[in-house]
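As structure tokens, the structure follows; a few thoughts come after it.
A note on names: the letters A, B, ... follow the listed sequences, proteins ahead of strands, and every chain is numbered from 1. All figures in this text were calculated on a predicted structure; none of them were measured in a lab.
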Amino acid sequence: MNMAETIRIAWRAVKANLLRSTLTMLGMIIGVAALIAMVAVGSGAQGQIDEQIRSLGANLLMIQPGSANQGGVRLGTGSRQNLSEEDAAAIASEVPEVIVAAPTISRATQIVHANANWSTLAGGITPAYLVARDWRVEAGRGFTLDEVETAAKVVLVGATVVDNLFEGEDPLGQLVRIANVPFTIVGVLSRKGQNAGSGRDQDDVVLIPLSTAKLRVLGSNKVSRSAVDFLMVKVVSDDAIVSAQEQIRRLLRQRHRLASDAPDDFQIRKPSETMEARAAATRSFTFLLAAIASVSLVVGGISIMNIMLVSVTERTREIGLRQALGARRRDIRNQFLVEATMLCLLGGLLGVIVGTFVAVGVGKLAEWPIWVSPASIALGFVFSGAIGVFFGFYPAHKAALLDPIEALRYE
Amino acid sequence: MVPPLIQATELRKEHRLGDATVTALCGVSLTIESGEFIAIMGPSGSGKSTLMHLLGLLDHPTAGSYRLGGRDVTDLGADERARTRAQKIGFIFQAFNLLGRSTAIENVELAMTYAGVPRKERRLRAVTALEKVSLGHRQHHWPGQLSGGEQQRVAIARVLAAGPGLILADEPTGALDTATGREVMALLQDLNRTGRTIVLVTHDPAIARYAKRIVRMQDGCAISDEAVVRDVGSDDAASQGLACPEKTAP
């Protein structure tokens, strides 16, 4: 007998015992629903972290100067001023994995518009900075190279600054004063939200050309005109980070003329590191949730095996009759195997639907990010099918081994 | 020469019950030609059901040989026996053995499913068969909605549609009243007239008289094998005998 025929027979049996079929499927429904819902919560959290990592700028390295030493007092990372615009240019041109290297300085500053004022962070940047941080200019425009070269008094403002200085007013083209220097707002930055690592509001910032910052606002450096606070380096891909990091290190040591036994006078950090650790933790958590849900799936499978065993006993005469009519052992086995698998797959299907609803509901109620991934749906399906075959086999095998005469006589 | 449909030689069946061995069949030899209508009679425990199970390939003998349609089927494997049952043998049971959750027509189609008849043809043959047993109007009834006689007629339609050459009927009237039993037997006679070989197992002499030949069994052995002698209009005589067995007893 072919598979289509077997499936038809199994379907008829499932339909004929609708209540019992539904009760049998309940275990699978709950198991798959739990799997879908839990994985949705887990992947939602993971997606949120990934989003935060992306908001930092993907594949980003930050290079800071090392510690300065003033009369035996070590002033900590960033206190030296030995990174320069030339370092940035060298990194960008000599390390092939590097897309851009952005020299940057930043200071806390007061910004004034009309009779409002606000304390914020001012960054002196080149256009490369926006590329490195994947930061879009939402309204207006970014800096032109010309503006950077001529130290133009133009500024890009973050969303938080806009909120605090301009209540509903269009900030574009407005004048603000930073450290008493008048600037024209040429662009508004897109919102990035809170930095998940430090908790700092990334939108509480104004960006001005690096040259302007040095010449007019933040004051030029005592050691070198081209010194900067840090470099933001964007690497082509995550895989290239380690290699890029090593090459940058060698390049900078060479440029800073460090003796081979001297320690680095700079520090290369990966800002997304802590968040990646969190992402890994969330991933393990998602796996854990999926594992717990899988336990309920296995329990569901066992209940299907129970019911199928009862069903085989109950239908002994039917099996005997089918054998008398010419069913081979494998026809009987397939019939019950397909029936069990069908119950599991139907349970799986309903479970996917229920699970999706539960996940969305929980997400709404608890305001959690939820993501029902196609992978989890596929996993739920494949898993329930596999459970049907696995737990359906023993009852089916038992049915196939029945002696036709005994089975026909069975009361 | 056409070989006999059934050629059983010294069929022996023993059952193990713990240490003891019970002989259910002591070595029965039986030749049945195609087109015969034979009754196997005997009290319960005489081995008639065992013999029928062996003839129906539901079981294999402890010793002896069995040729069905000229082919030695004594030692066929389970799958081959199932295939042979599906194609060559039809069963009619005392308890009808219909699937309670399938309609009459689905029950009729069932045997053909295992014989590998395509779906459309199955439906067609099932309808025809049900009409032949005058149940054309009951196609979509559940067995529970049918009377005993109707259920047995569905079972007969099941055999009829599958079209096997050999029909094994195990006490087909055992669960029916005499009038209904008579209808069922008449149907079996019809089947026999269209060329099908019928082996009827019964303990009821009146039922056995519908057959053309009666084999009597006792304690696992065949003790007699004789043709039924009938008067003119013997069918009527037989049916009257069914209704009032004592009147026609010689």
Side-chain angles (χ1 to χ4, degrees), chain A residues 1-22 24 310-336 338-339 342-343 396-411, chain B residues 13 15 24 49-60 76-103 106-119 122 142-143 155 158-159 161-162 164 167-170:
Chain A
M1 197 167 49
N2 62 21
M3 219 0 122
E5 211 69 82
T6 309
I7 289 172
R8 212 170 292 133
I9 290 176
W11 173 238
R12 207 174 286 164
V14 169
K15 230 174 30 180
N17 268 308
L18 206 55
L19 178 66
R20 189 171 72 184
S21 299
T22 314
T24 311
V310 171
S311 176
V312 166
T313 309
E314 211 183 76
R315 285 151 71 186
T316 299
R317 279 176 71 95
E318 174 191 329
I319 295 165
L321 171 72
R322 287 179 185 275
Q323 286 175 325
L325 293 180
R328 291 167 300 175
R329 291 202 185 293
R330 82 180 84 126
D331 294 329
I332 300 289
R333 190 193 60 210
N334 288 351
Q335 179 190 334
F336 282 91
V338 167
E339 196 177 317
M342 191 178 276
L343 282 173
H397 184 64
K398 235 184 106 172
L401 287 185
L402 284 175
D403 176 53
I405 298 170
E406 298 288 318
L408 277 169
R409 277 204 200 118
Y410 187 85
E411 295 295 324
Chain B
K13 182 69 190 177
H15 294 295
S49 287
T50 306
L51 179 60
M52 198 201 77
H53 291 150
L54 290 179
L55 295 182
L57 289 175
L58 288 171
D59 206 353
H60 30 207
L76 284 186
D79 280 1
E80 263 307 304
R81 283 194 288 151
R83 194 194 312 247
T84 313
R85 283 199 298 269
Q87 286 165 355
K88 303 223 160 91
I89 304 172
F91 289 90
I92 295 169
F93 304 95
Q94 177 174 2
F96 325 133
N97 281 19
L98 301 178
L99 295 186
R101 294 185 184 278
S102 300
T103 59
E106 286 168 352
N107 268 292
V108 174
E109 285 180 25
L110 191 62
M112 288 185 279
T113 311
Y114 291 108
V117 178
R119 213 145 79 94
R122 247 164 32 208
W142 307 100
R158 183 168 67 194
V159 171
I167 296 170
L168 301 176
D170 188 0

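Neither the backbone nor the side chain of B:R81 comes within less than 4.5 Å of any heavy atom of chain A. Of the two parts of A:R329, the backbone and the side chain both hold a non-hydrogen atom closer than 4.5 Å to a non-hydrogen atom of chain B. Both the backbone and the side chain of A:R322 come within contact range of chain B, judged by heavy atoms closer than 4.5 Å. For chain A, the nearby part of B:A78 is the side chain; its heavy atoms alone come within less than 4.5 Å.
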- request: Under the salt bridge (Lys or Arg N to Asp or Glu O under 4.0 Å) rule, what do B:R122 and A:E5 come out as? Steps first, then yes or no, please.
  value: CA-CA 12 Å; B:R122 247 164 32 208; A:E5 211 69 82; 2.9 Å; yes
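Distance check, rounded to the nearest 0.5 Å: CD of A:E314 to CG of A:N17 gives 7.0 Å.
Within a 6.0 Å sphere centred on CZ of B:R119, heavy atoms belonging to other residues, nucleotides or ligands number 12 at most.
A salt bridge links B:K13 with B:D59; the closest basic N to acidic carboxylate O contact falls under 4.0 Å.
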